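Accompanying notes for the structure given below.
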Amino acid sequence: MIGKRVLIGGLCGALTCVAGGLSAAEQQQCVDSGRASTPTERFAIFDDGTVRDRVTGLLWKRCAVGQSWDGTTCREAPRKQVKSWFSWQGAKAMVARLNDPSQKHQWRMPSISELKTLVESRCQKPAINLELFPNAPAWPFWSSSELSSNPDYVWRIDFSSGKLGTDLKTNYSYYVRLVKGEAPKLDGRTMAKPRSAEEEEIAARNDGIHDIENPDLTLLQRYDQATLGFPLDTRDQVDWAKVLLDGIIEPRTTREGDQVEMAVWDHTIIFKDTQGMPWVRFPHKLHSMWLACENCHDQFFETKTGTADISMQSIYTGQHCGACHGRVAFSPNSCERCHSELYPGVQKWW
Ligand code: HEC
Ligand code: HEC
Ligand code: HEC
């Protein structure tokens, strides 16, 4: 897969990325300007050759039907296999054969609005993110959406250019990319359909993080329910420090649940090189209430004040405090939570 990368990952040179891999002789072409429509970070990538779109909630196969996932990339479909299910009807019948009818959630052909969410607007040949869909054919893909004015025609997307169009069902041999799940935001009809209480519960967890196929899914507490009434910070995010200090939660000290005593250390450090901003108050106490010393020492900080060359840039790029803040702890944009130490001459500025 080396070399087969799109610009979205920032790994290619100016304008083109060589499509290496097994057979793709063509070069993907990407422009370096504008925003990626399908950034890799939007997707959760799984080992079994699927990706979940965190925005739509849909689960996609990384390989087109006929290609096979070898753990790293998609092996090319023999041309004759694609030909063997010539026509949209043929493709549909083939999708039905691939499914196990006893399973509740079936792989299916995507609707046109679902398929459209995979078009990478910055790239052509193919117009798709190759980090997510390696070796993707630059060729049209069928959708399940028939043209309402003439059901002999079906919507499809040409993944060479990324353009939508319609074609006669019977006349073409196109690829299919399978999808699972529902995208309520994309399809007015699914939105309007009344849901059972269980379907509502599942939908509420269909956030790209939960495994919606897990039969015990609805036993898990929902985030919105679990955090109901918790104190919020100025950015309306849960103030986890306050939640902990007020005793609203009592986290396990280990994953397995054996209650090991936390080594809480009440030692505050004030960072003063803040260029006119209030100083930064770093409380060891709050941090060591739920982090072991080894979480920070010595991988992020040495046990000697003034050693680390901390700056806002280092924080925003994920170093020092930014190893957690902006990831698993409150964002670096909540300035006043760190810059909380006023001194003569510096009043509240926010
Ligand atoms: C969330 C991260 C974090 C955790 C957890 C943490 N520390 Fe620190 N520690 C720091 C930072 C930041 C500094 C200052 C480093 C610098 O200025 O370069 C520091 C400094 C120190 C210092 C030097 C203090 C001084 O005043 O010179 C000691 C000693 C220390 N830590 C011990 C501990 C111990 C013991 C624990 C566990 C109870 C612990 N730390 C947990 C981040 C952490
Ligand atoms: C997670 C804690 C944290 C947050 C949130 C935070 N800062 Fe900082 N900031 C620091 C630390 C630590 C330093 C380094 C101070 C030192 O080295 O003495 C710093 C330094 C600075 C400096 C000095 C110049 C520099 O870049 O190092 C400025 C200016 C600054 N912060 C502004 C801000 C603004 C504006 C915000 C909100 C957008 C903000 N900070 C949010 C921790 C934070
Ligand atoms: C290893 C992870 C980690 C690192 C590194 C870390 N923090 Fe935190 N910090 C947390 C967590 C977790 C919380 C509590 C959760 C939250 O408030 O989002 C927290 C909370 C805080 C609070 C809130 C305290 C309160 O009582 O409201 C401040 C202030 C803070 N951190 C400053 C810093 C500064 C400054 C640095 C760098 C010198 C830093 N943190 C480095 C994990 C970290």
Side-chain angles (χ1 to χ4, degrees), residues 35 41 44 54 205 207-210 220-350:
R35 273 175 50 191
E41 315 80 75
R54 296 188 167 101
R205 293 171 181 78
D207 52 10
I209 298 165
H210 287 89
L220 299 172
Q221 224 181 349
R222 279 161 48 175
Y223 183 83
D224 55 343
Q225 291 168 348
T227 58
L228 199 67
F230 280 14
L232 305 177
D233 67 13
T234 50
R235 305 180 77 232
D236 285 339
Q237 305 287 319
V238 171
D239 184 339
W240 286 106
K242 197 161 192 321
V243 170
L244 182 71
L245 292 168
D246 290 356
I248 301 174
I249 58 168
E250 203 180 327
R252 291 180 186 178
T253 52
T254 63
R255 197 161 47 178
E256 289 69 33
D258 9 311
Q259 289 293 329
V260 178
E261 194 72 33
M262 293 299 288
V264 179
W265 189 35
D266 192 356
H267 178 84
T268 300
I269 297 174
I270 308 289
F271 294 95
K272 298 186 175 175
D273 186 7
T274 54
Q275 297 181 1
M277 292 275 291
W279 291 331
V280 173
R281 163 183 279 268
F282 172 80
H284 260 102
K285 183 176 175 193
L286 185 276
H287 286 90
S288 57
M289 281 173 81
W290 48 20
L291 293 165
C293 314
E294 301 80 58
N295 284 130
C296 288
H297 298 299
D298 290 330
Q299 57 168 333
F300 302 134
F301 304 104
E302 289 180 36
T303 45
K304 190 169 183 305
T305 308
T307 316
D309 185 14
I310 313 172
S311 66
M312 288 317 294
Q313 190 187 345
S314 74
I315 293 174
Y316 274 110
T317 54
Q319 298 157 266
H320 303 132
C321 321
C324 302
H325 288 278
R327 298 180 176 194
V328 296
F330 67 79
S331 149
N333 292 332
S334 301
C335 319
E336 77 287 355
R337 293 194 66 186
C338 287
H339 290 271
S340 62
E341 189 73 12
L342 303 175
Y343 50 91
V346 169
Q347 297 305 316
K348 267 168 120 66
W349 58 275
W350 55 86

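For ligands, and for the atoms within them, numbers begin at 1 and follow the listed sequence. None of these values were measured; they are calculated from a predicted model.
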Just going by heavy-atom distances, which of [options] is nearest to [atom]?
atom: atom 27 (O) of ligand 1; options: Thr305, Thr303, Val264; result: Thr305
atom: atom 41 (C) of ligand 2; options: Ala308, Pro332, Ala329; result: Pro332
atom: atom 31 (N) of ligand 1; options: Met262, His297, His320, His325; result: His297
atom: atom 14 (C) of ligand 3; options: Phe282, Trp240, Trp290, Phe330; result: Trp290
atom: atom 19 (C) of ligand 1; options: His267, Lys304, His284; result: His284

Practice task
Tell me, please: is Cys338 in heavy-atom contact with ligand 3, that is, under 4.0 Å?
Solution key: yes
For ligand 2, which atoms, with element, lie under 4.0 Å from some heavy atom of [X]?
X: Tyr316; answer: 38 (C)
X: Ser311; answer: 27 (O)
X: Gln275; answer: 24 (C)

Would [X] and [Y] count as a close aromatic pair, with their ring centres under 6.0 Å?
X: His320; Y: Phe300; value: no
X: Trp279; Y: Tyr343; value: yes
X: Phe330; Y: Trp240; value: no

Problem - Pair Arg337 + Asp239: basic N to acidic O under 4.0 Å - result: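 Asp239 and Arg337: salt-bridged.
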Practice task
Measure from atom 8 (Fe) of ligand 2 to each N, O or S atom of Met312 and report whether any distance is below 2.8 Å.
Solution key: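 True for Met312.
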Handout entry: Distance in Å, Cys324 SG paired with Asn295 CG, rounded so as to fall on 0.5 Å steps
Key = 7.5 Å
Handout entry: Point-to-point distance, once rounded to the nearest 0.5 Å, from CZ of Arg235 to OG of Ser334
Key =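 These two atoms lie 4.5 Å from each other.
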Exercise for the section: Say whether His339 and ligand 2 are in contact under the criterion: heavy-atom distance to a ligand atom below 4.0 Å. Expected result: yes
What protein heavy atom sits nearest [atom], and how far off is it?
atom: atom 25 (C) of ligand 3; value: Ala241 CB, 3.5 Å
atom: atom 32 (C) of ligand 1; value: Trp265 CZ3, 3.2 Å
atom: atom 35 (C) of ligand 3; value: Val280 CG1, 3.5 Å
atom: atom 2 (C) of ligand 3; value: Cys324 SG, 1.8 Å
atom: atom 37 (C) of ligand 1; value: Cys293 SG, 1.8 Å
atom: atom 29 (C) of ligand 3; value: Arg337 O, 3.2 Å
atom: atom 3 (C) of ligand 1; value: Cys296 SG, 2.7 Å
atom: atom 17 (O) of ligand 1; value: Gly306 N, 2.7 Å
atom: atom 38 (C) of ligand 3; value: Cys321 SG, 2.7 Å
atom: atom 20 (C) of ligand 3; value: Leu286 CD1, 3.5 Å

Ignoring hydrogens and geometry, is there a side-chain-to-backbone donor-acceptor pair from [X] to [Y] under 3.5 Å?
X: Arg54; Y: Glu41; value: yes
X: Thr307; Y: Glu302; value: no
X: Ser314; Y: Ile310; value: no
X: His339; Y: Val280; value: no

Exercise for the section: Decide, counting backbone as well as side-chain atoms, whether His287 has an N, O or S atom less than 2.8 Å from atom 8 (Fe) of ligand 3. Expected result: yes
Applying a heavy-atom cut-off of 4.0 Å, say which part of [X] lies close to ligand 1: side chain, backbone, both or neither.
X: Phe271; answer: side chain
X: Ile269; answer: side chain
X: Ala292; answer: backbone

Exercise for the section: Classify the contact between Ile315 and ligand 2 as side chain, backbone, both or neither, using a heavy-atom distance cut-off of under 4.0 Å. Expected result: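 Under 4.0 Å from ligand 2, Ile315 contributes side-chain atoms alone.
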Do other residues, nucleotides or ligands put more than 12 heavy atoms under 6.0 Å from [X] [atom1]?
X: Gln313; atom1: CD; answer: no
X: Glu250; atom1: CD; answer: no
X: Asp309; atom1: CG; answer: no

Completion exercise
Checking heavy atoms under 4.0 Å, the part of Leu291 that sits near ligand 3 is side chain
Exercise for the section: State whether the shortest distance between N or O atoms of Asp273 and N or O atoms of ligand 2 falls below 3.5 angstrom. Expected result: yes
Exercise for the section: Would you check if there is a donor-acceptor pair between the side chains of Thr234 and Glu336 at a distance under 3.5 Å? Expected result: yes
Exercise for the section: Evaluate the side-chain proximity of Pro283 to Asp266: yes if any heavy-atom separation is below 4.5 Å, no if none is. Expected result: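 Of all side-chain heavy-atom pairs linking Pro283 with Asp266, none is under 4.5 Å.
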Exercise for the section: Find all atoms of ligand 1 within a distance of less than 4.0 Å from any non-hydrogen atom belonging to Ala263, and give their numbers and elements. Expected result: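 Atoms satisfying the 4.0 Å criterion: 38 (C).
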Problem - Those atoms of ligand 3 less than 4.0 Å from some heavy atom in Arg281 - result: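 Taking each heavy atom of Arg281 in turn, ligand 3 has 29 (C) under 4.0 Å.
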Exercise for the section: Just say parallel, tilted or perpendicular for the rings of Phe271 and Phe282, cut-offs at 30° and 60°. Expected result: perpendicular
Exercise for the section: Give me the ring orientation class for His267 and Trp265: parallel if the planes are under 30° apart, tilted from 30 to 60°, perpendicular past 60°. Expected result: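 Answer is parallel, since the angle falls under 30°.
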